[in-house]
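All values below come from the heavy atoms of this structure, side chains included, with hydrogens, waters and symmetry mates left out. Within every chain, numbering begins at 1; the chains are lettered A, B, ... in the order of the sequence lines, protein sequences first and strands thereafter.
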Amino acid sequence: MTGLGVEAPLGHSVDELFTNLATGRSAIHVLPISLGQDLRRAIGATADFDGQNHFPPARLRMLDRVSQLALTAAARAVADAGVDFAAEQRNRCGVFVGTGMGGAQTTDDGYHTLYSEKSDRIKPYTVLASMTNAAAAWIGIDYALEGPNLTFSTACSSSAVAIGEAACRIRSGEVDVMLAGGAEAPLTRGVLCAWDAMRTLAAQDAKDPSASCRPFCRTRSGLVLGEGAAFVVLEDWEHAVRRNATIHAELCGYGLATDITHITRPTVEGQARAMRAALYSAGRHANDIDYVNAHGTATVQNDAVETAALKDTFGSRAFSIPVSSTKSMHGHLLGAAGALEFIISLAALQRGIVPPTMHLDTPDAACDLDYVPNRARTGIALRAVMSNSFAFGGTNATLVAAVAT
Amino acid sequence: MSTLETIQDILVTKFALDRTKLTPDAGLDTLGIDSLAVLEVLFEIEDRFGLKIKEDTPDSLATIQDVVLYIDSLLMKRQASESTVAPSMPE
């Protein structure tokens, strides 16, 4: 991996994001969006991002917020990698994007025009802005990437899958350079109400809304949605060495496994199989992993199941590996979560700092690992890190990265 | 405001284009106005002229002047239909 780029809650750069996470800052706040009849306000984690500062008005009309975020984060990853696509064989360069809900704001706006305003004046760009593959398409056009251009939509594991699949294409020798990551912009009234209807959203903390997401805590009550985008530039090792690129880390493992019992219910077996598959593909053992960025949604089910799956995978070592859920601070970015949290794991690897799980003050008997509660741990030599992304629909994905040697 | 001025005004206010570039012979493609953007311009024109454009937009619109002539033809059609309908209207 030679390039990293984010546009996320708590950071326009990996440095800014990681510094905020390491100091336990939360981006979660009350949104100016009502959840409906009882006038409850939604909470969420917004990216400090205004598309008007990044795109001319004529172009902005064609871009849903999800594509704006994606293009911005992708540009940062490309700049960080210092890759010049004009000097590459363009048909050997591609882009894979993960997104769960695509251009949700555009869809919401279209329905609002049609059903609330009772108008047929739906914006002509509605289809092009809302289609799930719009972000990938725009990135491909902007950088003239003529190789594979795919969008993965496996709910909350979408962008972990995008990164893992991109690595597979590079390993197969089919491509030289891939931009891979994810984007999500779900903070629209329609999307928030839909998630609320499923009873998965966290209750707002009455005293401190920013502390509403409490992974692995006995008082956890659900997830908090966030928005943003995160991209990595992946390239063949020899290719990176040849162009004297700075190599951030090696993506060495990717594991996929599917839960087949229910569309939302996670299983210990499914999650553990994904982690084992990632270790196997990395050629590493449980003893080699020094940090796990958990999926850690703060739902009652996930956190207990993931804890059991970690124990199933790592055995007694599970108790001595620091495991944290940074969703407590940046929220759940759904389709972008996997890419963002993988980048956070890489930042931890590079800096020897493990970010905390915030707002974890009441232990839960079902969650008994070392979750790095409320305070980052510094000065730790990390050799390899793991990032988990599990999803509705059952597609469990785990990525493993190691120090580049 | 003439039809040309109205279209220029829409392109300046809605698409943030430079007014000096919006000459009648300016190509829509060159200005970055694709066929979907033309539709957005037409929505705006419907509002400003109180028109309801039911027909499909002709593919031949290539310059600002083409759009001006198209809108003027629609306005003339409306005027003609109003004047033929008028006599049968109750006084």
Side-chain angles (χ1 to χ4, degrees), chain A residues 49-72 75 102-144 149 185, chain B residues 4-68 70-71 74-75 78:
Chain A
F49 176 82
D50 183 349
Q52 291 185 57
N53 300 331
H54 297 265
F55 304 97
R59 180 145 200 230
L60 208 51
R61 304 171 82 80
M62 297 191 261
L63 302 175
D64 184 272
R65 188 166 172 87
V66 76
S67 294
Q68 298 169 29
L69 291 164
L71 282 163
T72 306
Q105 184 67 59
T106 304
T107 308
D108 227 33
D109 288 347
Y111 289 148
H112 181 73
T113 303
L114 199 57
Y115 300 129
S116 301
E117 296 176 345
K118 312 256 185 253
S119 162
D120 59 359
R121 293 274 189 83
I122 292 185
K123 287 194 182 112
Y125 289 116
T126 297
V127 169
L128 301 181
S130 66
M131 64 189 194
T132 316
N133 64 326
W138 283 117
I139 293 169
I141 290 166
D142 270 17
Y143 297 100
N149 184 310
Chain B
L4 174 63
E5 286 166 337
T6 307
I7 290 168
Q8 286 169 330
D9 195 56
I10 291 168
L11 293 176
V12 170
T13 54
K14 295 277 174 183
F15 291 80
L17 293 175
D18 178 358
R19 193 180 287 273
T20 60
K21 289 185 180 157
L22 304 179
T23 55
D25 61 347
L28 298 175
D29 256 2
T30 321
L31 294 169
I33 303 292
D34 64 15
S35 60
L36 294 175
V38 168
L39 281 178
E40 284 202 70
V41 173
L42 294 181
F43 280 170
E44 204 50 39
I45 284 172
E46 285 188 334
D47 287 343
R48 297 201 187 193
F49 289 98
L51 270 173
K52 186 74 195 160
I53 302 169
K54 293 193 179 113
E55 59 198 273
D56 286 343
T57 315
D59 293 332
S60 55
L61 303 181
T63 63
I64 290 188
Q65 181 67 6
D66 291 342
V67 181
V68 171
Y70 173 58
I71 299 304
L74 293 174
L75 290 169
R78 181 177 69 174

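In this structure, B/F43 CZ and A/I122 CD1 are separated by 8.5 Å, a value rounded to the nearest 0.5 Å.
Residues of residues 51-61 of chain A that come within less than 4.5 angstrom of chain B, heavy atom to heavy atom, are A/P57, A/A58, A/R61 in numerical order.
Residues B/L36 and A/M62 fail the side-chain proximity criterion, which asks for heavy atoms closer than 4.5 Å.
Heavy atoms from other residues, nucleotides or ligands lying under 6.0 Å from CG of A/D142 number more than 12.
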